[in-house]
Amino acid sequence: MSQQLPDVQAAKPDVTVGLNHVGVTGVEKLVKLGREEKRPIVLMADFEVFVDLPSWRKGADMSRNMEVIDETLETAVAEPAYRVEDVCGDAAERLLDKHEYTSEATVEMEAEYVMREQTPASEKETQGTATIIASACATEEGTTEEIGTRVTGMTVCPCSQGMSNSRARETLSELGVDEDTTERFLEEVPQAGHSQRGHATLRVKSDGAPEVDLNDLIGVARDAMSARIYNLAKRPDEDYMTEHAHANAKFVEDCVRDMAEGVVREFPDLADDAVVTMKQSNDESIHQHNAHAERVATVGQVRAELDR
């Protein structure tokens, strides 16, 4: 007769300190993102799944927990979903129900999202990518869900561009160009500034699913930088992006502020207590360091600041 193995995880730990997140990372699942009257988009998603652990319990039954997690995620992704954050919310709620000792379950997801688009000048068909970020946290009081994106674009430094403007103004004056013509020229032809590849992260969290469209959220993040970038770029596209970026020079701080303005403009139905996270990181081209700015605030706080 086989002897039942002891449930070591249920024992009292030597150090009675509770833990916020215990679980697994790197769980890969296919997620179908539904679209009206179109085939669903299939995403290869990477999940992180956690529960909290009370101070009186040594472990979270990791092997059995993985079986529960796999069953939970399989159920959550079985049918096409119109909101990936709802997939996380459904999984978090199911996970909470299956753990007697848990008061909070968290599910986080990332996936590469492929978009069809046209290049800005040559109008060639191409594909672009954005990272989808989704998460949910379920407790007995309810479930909060978050949807977000991380995108790449181009920025131009206004400070270095200002120095180029001053040098161009001096050179044109030395060449005998009158002041009015010089100013008209500088308005029409943006001067050089050092450029960076920028990385924008924009996330919105609320009770239940946030009232935002994923594609619009991606658009707000991309447009907060000096210019969008594309996988395919013919010469007219390169010229367009370069000119557009230099005509729209922005500090890293400007990008975050423009994201804030874009969220308020594009998503008027968001509740005031929804929380928005906005981050901009630029890979500097003339420095060994990078530039970073971020803001976390409720939508109500951002609306109030913009109304001043």
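Inter-residue side-chain proximity for Y230 and M241 is flagged as met; some heavy-atom pair is nearer than 4.5 Å. I132 is not listed as a side-chain neighbour of E110, based on a closest heavy-atom distance of 4.5 Å or more. By the 4.5 Å heavy-atom criterion applied to side chains, N165 and R167 are not counted as neighbours. Side-chain contact between T277 and L202 is absent, with no heavy atoms from C-beta onward closer than 4.5 Å. Contact annotation: the side chain of D258 approaches that of E261 to within less than 4.5 Å [non-hydrogen atoms, C-beta and beyond]. The side-chain heavy atoms of S206 and E145, taken from C-beta on, include no pair separated by under 4.5 Å. Contact of the V24 side chain with the F50 side chain is not registered, since no non-hydrogen atoms from C-beta on lie closer than 4.5 Å.
How far OG of S160 is from NE2 of H194: 4.5 Å, rounded to the nearest 0.5 Å. Atom CD of residue E243 and atom CD of residue E188 lie 9.5 Å apart, to the nearest 0.5 angstrom.
In this structure T201 satisfies the side-chain contact (heavy atoms from CB on, under 4.5 Å) test together with I133, R150, R203, K279, sequence neighbours excluded. In this view, N248 satisfies the side-chain hydrogen bond (donor to acceptor under 3.5 Å, both in side chains) rule with no residue, not counting sequence neighbours.
Checked for salt-bridge contact, R57 and E100 miss the test: no charged N lies under 4.0 Å from a carboxylate O. A salt bridge does not link E125 with R116: none of the charged nitrogens is closer than 4.0 Å to a carboxylate oxygen. Using a 4.0 Å cut-off between charged nitrogen and carboxylate oxygen, E71 and R94 do not count as a salt-bridge pair. Between E183 and R169 there is a salt bridge, with a side-chain nitrogen of the basic residue lying less than 4.0 Å from a carboxylate oxygen of the acidic one. Taking 4.0 Å as the cut-off between side-chain N and carboxylate O, E117 and R222 count as a salt-bridged pair.
E112 and T131 form a side-chain donor-acceptor contact under 3.5 Å, judged by distance and modelled atom types alone. If you check the side chains of S281 and N290, you find no donor sitting under 3.5 Å from an acceptor. Donor-acceptor pairing under 3.5 Å is lacking for the side chains of D273 and T298. Of the N and O atoms on the side chains of D283 and H199, at least one donor lies less than 3.5 Å from an acceptor on the other residue. One side chain, D178 or T181, offers a donor N or O that lies under 3.5 Å from an acceptor on the other.
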Check your understanding: What do the steps show when you test E305 against R257 for salt bridge (Lys or Arg N to Asp or Glu O under 4.0 Å), and what is the final call?
Key -> CA-CA 11 Å; E305 291 179 31; R257 290 176 172 131; over 6 Å; no

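The backbone N or O of G162 sits less than 3.5 Å from a side-chain atom of S166, completing a donor-acceptor pair. Using a distance-only test at 3.5 Å, with no hydrogens or angles considered, a donor-acceptor pair links the side chain of R303 to the main chain of P268. Panel note: side chain Q280, backbone V252; no donor-acceptor pair is recorded below 3.5 Å. At distances below 3.5 Å, not a single donor-acceptor pair connects side-chain atoms of T102 with backbone N or O atoms of E104. The backbone N or O of Q191 lies less than 3.5 Å from no partner atom in the side chain of S164, so there is not a single donor-acceptor pair. The backbone N or O of G193 lies less than 3.5 Å from a partner atom in the side chain of H246, making a donor-acceptor pair. With hydrogens and angles disregarded, a donor-acceptor distance shorter than 3.5 Å links the side chain of D52 to the backbone of S103.
Just one of E146, K205, E108 meets the side chain to side chain donor-acceptor pair (under 3.5 Å) condition when paired with S135; it is E146.
Crowding of R197 atom CZ: a count of heavy atoms from other residues, nucleotides or ligands under 6.0 Å not exceeding 12.
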Enumerate, atom names and distances included, each donor-acceptor pair closer than 3.5 Å involving a side-chain atom of residues 207-217, sequence neighbours excluded.
| from | atom 1 | to | atom 2 | distance (Å) |
| --- | --- | --- | --- | --- |
| D213 | OD2 | N215 | N | 3.0 |
| D213 | OD2 | D216 | N | 3.1 |
| N215 | OD1 | Y113 | OH | 2.9 |

